[in-house]
*Asks:* 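Following this message is one structure expressed as structure tokens.
Chain identifiers are assigned alphabetically (A, B, ...) following the order of the sequence lines, protein sequences preceding nucleic acid strands; residue numbering begins at 1 within each chain.
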Amino acid sequence: MASIVDILAQRFERALVTVYGPELKGADPMLRRSDHADFQSNAPLSLKKRTGDNPRDAAAKIIAALDVADLCERVEMSGPGFLNLHLKGSFIAETTAVQASDERLGIALASTPETVVVDYSSPNIAKELHAGHLRSTIIGDALARVLEQVGNKVIRQNHLGDWGTPFGMLIEHYLDLGEQVGDTAIGDLNEFYRAARAKFDTAPAFAERARKRVVLLQGGDEATLQFWKRLVDESKRSFRAVYDKLGITMKDSDAAGESFFNPRLEGIVKELTDKGLAVESEGAICVFPPGFKGKEGNPVPLIIRKQDGGYGYATTDLAAIKYRLLELGATRILYVVGAPQAQHLTMIYKAAEMAGWLKPPARAQHVAFGSVLGEDGKMLKSRAGDSVTLMELLDEGEERALAVVREKASERASAGEEAVAEGDLQSVAHAVAISAIKYADFSADRVKDYVFSWSRMLATIGNTGPYLQYAHARTRSILRKAEAAGYTPGTITITAPEEKALALALGSFGAVVHDVAASLEPHRMCTYLYELASTFSSFWNACPVLKAEPAERASRLALVELTAKVLERALGLLGIEAPARM
RNA sequence: GCGCCCGUAGCUCAGCUGGAUAGAGCAUCGGACUUCGAAUCCGAGGGUCGUAGGUUCGAAUCCUUCCGGGCGCGCCA
């Protein structure tokens, strides 16, 4: 489906080729929304080097060659050489009608779909998901949805911390508890981990058992593996509960953690050694990707086998990147991991290139993000000082959202207006809480830290998740009333400025989705959503729908219906629900 | 010491990869409900874009200096 910009861009390309010859084919006409017109083209300025003309001359020539009589009311030159385009209402109406009849709402499919691996969330077994996992989990999930929407094959990968020396003590502690809890529940995972750790640090006999247990685990002892698996399953149940509540699309089958790669580590070391990329250094085997200098100017190593013969995270990361490229066939790998790991990841990519696994067009990208801070400006912690679990966070959010939703509902009910039913309050509060948390996280640039603030994110006014949901709920309210009255959407006509603004905002949805897919920046979707929602609110204020004349009513209903769908879809791509009432 | 990230209105942030007078939200002030959800809308005030240079028709955006904040740099992940 061709959007307004697509169609205009084609006409510009033709005009540019007419004036300046075929070498201008494919040149960017720099079409942007404008304060001075509906759209503007900066091509005469931006292409100055290629046209050789001064911008105002170029603008005049382009206008002369531009065949847009069917699309624009007028095109005028302005300032140093801008081209201001004033679109015909009929042109806007037609493209909007096409978008409205499109299942994909104007989101084009990628011309070259890729296999994209998205590595996100990645919690540790026997610990609960906590605030530190929030950003990776929700950003990764949103990007996975967006990349999928534009037609890529997306493979989610949960790089679980499910192997290694801590499992000795965890299994022994698990066995100690066996009598009390049976084999069904560990209970509080964090408490479980803490207790195991405490025993390990204070009881030498226990520590000794733990060490022996690690050996058994590494050696593949059947009974030990069974215990290990129970721990893993128990933890996955806990992750599942959080993912479900947060609306995360990661499935159990997407798990490919350290245990999955463990059998491959020896081979990785051998391969890199055989290729001459890994060398012995201070008793360890290391890869030294060029260009990384440490404290005394020494090269920084990726330690792929430790002095004691064990393997660390670098080896697992290398095994994982090889697997993703060679076995999963990824051409794009996203690491949704905190910003501090930037150097480590670049070293992994470099090593993977040297090994011949990572080569164009395949590429790996670090989707870096900053920290979630508490009101004190430090990492988010609970009163007790440990990191707050995601479940606690979500529960608190729902509680706070419920208070807001309940209050609004009772206000409306006492005013005799349609309100959320008592039985639906919980589910609406849930949707509001999740939207508040996610939208607050997404709405600013990923790489920056942000302060977690309930009052800000849950505010019913301003640029918040709840505001967007409210805008959507209002669209649904009109549509319900229209349906009850037997009114149906019809031919779109654009006359009022608010109709035009709304249609133009709707029309850029597809481009925004692709922009997010390319830039991996969810905040661009938020900027768009807020603009769309506020444009709709202005439309609402200025353009009566149900009380308009039949033709106008049908047209406006079509705009409202499309707005509802776009809001819902855009929120959905961020993993945010759009309730019909709130 | 080396390297990476950040610095835009009182506060929280955008700014579409170099384009027109730097835009929003919150807060403040002033308007709009006997029209579909006022959780809304309309309007006002408020910024030497950390600093000093440079590149050019044109810089918040690109290059360099310095200042301030965060983070990383060998056996944790």
*Asks:* Using a 4.0 Å heavy-atom cut-off, does A:A339 contact any base of the nucleic acid, only the sugar-phosphate backbone, or nothing at all?
*Replies:* nothing
*Asks:* Which whole-number value in Å describes the distance from A:Q40 CD to B:U21 C1'?
*Replies:* 13 Å
*Asks:* Is B:U17 paired to anything, Watson-Crick or G-U wobble with both distances less than 3.5 Å, and if yes, which nucleotide?
*Replies:* none
*Asks:* Identify the residue among A:I576, A:L134, A:V432 that makes a side-chain contact (heavy atoms from CB on, under 4.5 Å) with A:I437.
*Replies:* A:L134
*Asks:* Can you tell me if A:R56 touches the phosphate of B:C57, counting only side-chain N or O atoms and a distance under 4.0 Å to OP1 or OP2?
*Replies:* no
*Asks:* Base, sugar-phosphate, or nothing: which does A:R412 touch, judged by heavy atoms less than 4.0 Å apart?
*Replies:* base
*Asks:* Which part of the nucleic acid does A:S78 contact within heavy-atom distance under 4.0 Å: base, sugar-phosphate only, or nothing?
*Replies:* base
*Asks:* Side-chain N or O of A:R32 versus OP1/OP2 of B:U17: is the shortest distance under 4.0 Å?
*Replies:* yes
*Asks:* Given that A:V451 and A:R524 both sit by RNA chain B, which one's nearest nucleotide is further toward the 5' end?
*Replies:* A:V451
*Asks:* Taking only side-chain N and O atoms of A:H523, does any of them lie within less than 4.0 angstrom of OP1 or OP2 on B:G15?
*Replies:* yes
*Asks:* Of the candidate nucleotides B:C2, B:G25, B:A77, which contains the atom at the shortest distance from the side chain of A:E258?
*Replies:* B:A77
*Asks:* Is A:H36 stacked on the base of B:A20 when the test is centres under 5.5 angstrom and planes under 30 degrees?
*Replies:* yes
*Asks:* Can you tell me the base-pairing partner of B:G25? Count Watson-Crick or G-U wobble geometry only, both distances below 3.5 Å, and say none if there is no partner.
*Replies:* B:C11
*Asks:* Using a heavy-atom cut-off of under 4.0 Å over every strand shown, decide if A:S538 touches base, sugar-phosphate, or nothing.
*Replies:* sugar-phosphate
*Asks:* Syn versus anti for B:U64, judged by chi lying within 90° of 0?
*Replies:* anti
*Asks:* B:C33 and B:U40: how far apart are their C1' atoms, nearest whole angstrom?
*Replies:* 10 Å
*Asks:* When the C1' atoms of B:C71 and B:G25 are considered, how many whole Å apart are they?
*Replies:* 29 Å
*Asks:* Sticking with atom P, work out how far B:C42 lies from B:C26, rounded to a whole angstrom.
*Replies:* 11 Å
*Asks:* Does A:P80 reach a base, just sugar-phosphate, or nothing at all? Heavy atoms under 4.0 Å.
*Replies:* nothing
*Asks:* What is the distance from CD of A:E417 to P of B:C33, rounded to the nearest Å?
*Replies:* 16 Å
*Asks:* Please give, in whole Å, the distance from B:C36 C1' to A:L546 CG?
*Replies:* 4 Å
*Asks:* At 4.0 Å (heavy atoms only), tell me whether A:D449 reaches a base, stays on the sugar-phosphate, or touches nothing.
*Replies:* sugar-phosphate
*Asks:* Under a 3.5 Å cut-off for both distances, is B:G47 Watson-Crick or wobble paired, and to whom?
*Replies:* none
*Asks:* Using both distances under 3.5 Å as the test, list the Watson-Crick or G-U wobble partner of B:G72, or none.
*Replies:* B:C2
*Asks:* For nucleotides B:G68 and B:A52, find the distance between their P atoms and express it as a whole number of Å.
*Replies:* 16 Å
*Asks:* Output the rounded distance in Å from CG (A:N42) to C1' (B:A20).
*Replies:* 9 Å
*Asks:* Could you pull out all residues at least two apart from A:Y467 that satisfy ring-ring contact (aromatic ring centres under 6.0 Å, His included)?
*Replies:* A:Y530
*Asks:* With a 3.5 Å limit on both atom pairs, tell me what B:U34 is paired to, counting Watson-Crick and G-U wobble, or say none.
*Replies:* none
*Asks:* Got a donor-acceptor pair under 3.5 Å from the side chain of A:T527 to the base of B:G15?
*Replies:* no
*Asks:* Do we count A:F82 as stacking onto B:G19 if the rule is ring centres under 5.5 Å and planes under 30°?
*Replies:* no
*Asks:* Starting at the 5' end of RNA chain B and moving along, which residue's nearest nucleotide shows up first, A:G462 or A:K49?
*Replies:* A:G462
*Asks:* Base, sugar-phosphate, or nothing: which does A:L45 touch, judged by heavy atoms less than 4.0 Å apart?
*Replies:* base
*Asks:* What is the separation between atom CG on A:L302 and atom P on B:G74, rounded to the nearest whole Å?
*Replies:* 12 Å
*Asks:* Counting only side-chain N and O atoms of A:K481, is one of them less than 4.0 Å from OP1 or OP2 of B:G37?
*Replies:* yes
*Asks:* For the pair made of NZ in A:K448 and P in B:G69, what is the distance, rounded to whole Å?
*Replies:* 18 Å
*Asks:* Classify the side chain of A:T316 and the base of B:A77 as holding, or not holding, a donor-acceptor pair under 3.5 Å.
*Replies:* no
*Asks:* Nearest whole Å is fine: how far is B:A77 P from A:D317 CG?
*Replies:* 10 Å
*Asks:* What is the base-pairing partner of B:U55, counting Watson-Crick and G-U wobble geometry with both distances under 3.5 Å?
*Replies:* none
*Asks:* Remember a base hit wins even if backbone is also touched, and classify A:D445 as base, sugar-phosphate or nothing at under 4.0 Å, heavy atoms.
*Replies:* sugar-phosphate
*Asks:* Nearest-Å distance, OH (A:Y311) to C1' (B:G74)?
*Replies:* 18 Å
*Asks:* Taking OP1 and OP2 of B:A38, is either one under 4.0 Å from a side-chain nitrogen or oxygen of A:W540?
*Replies:* yes
*Asks:* Would you state whether a donor and an acceptor, one from the side chain of A:N84 and one from the base of B:A20, lie under 3.5 Å apart?
*Replies:* yes
*Asks:* State whether the distance check finds a donor on one side and an acceptor on the other, under 3.5 Å, for side chain A:Y470 versus base B:A39.
*Replies:* no
*Asks:* Name the one of A:F260, A:F261, A:W228, A:Y313 that satisfies ring pair (Phe, Tyr, Trp, His ring centres under 6.0 Å) with A:W163?
*Replies:* A:W228
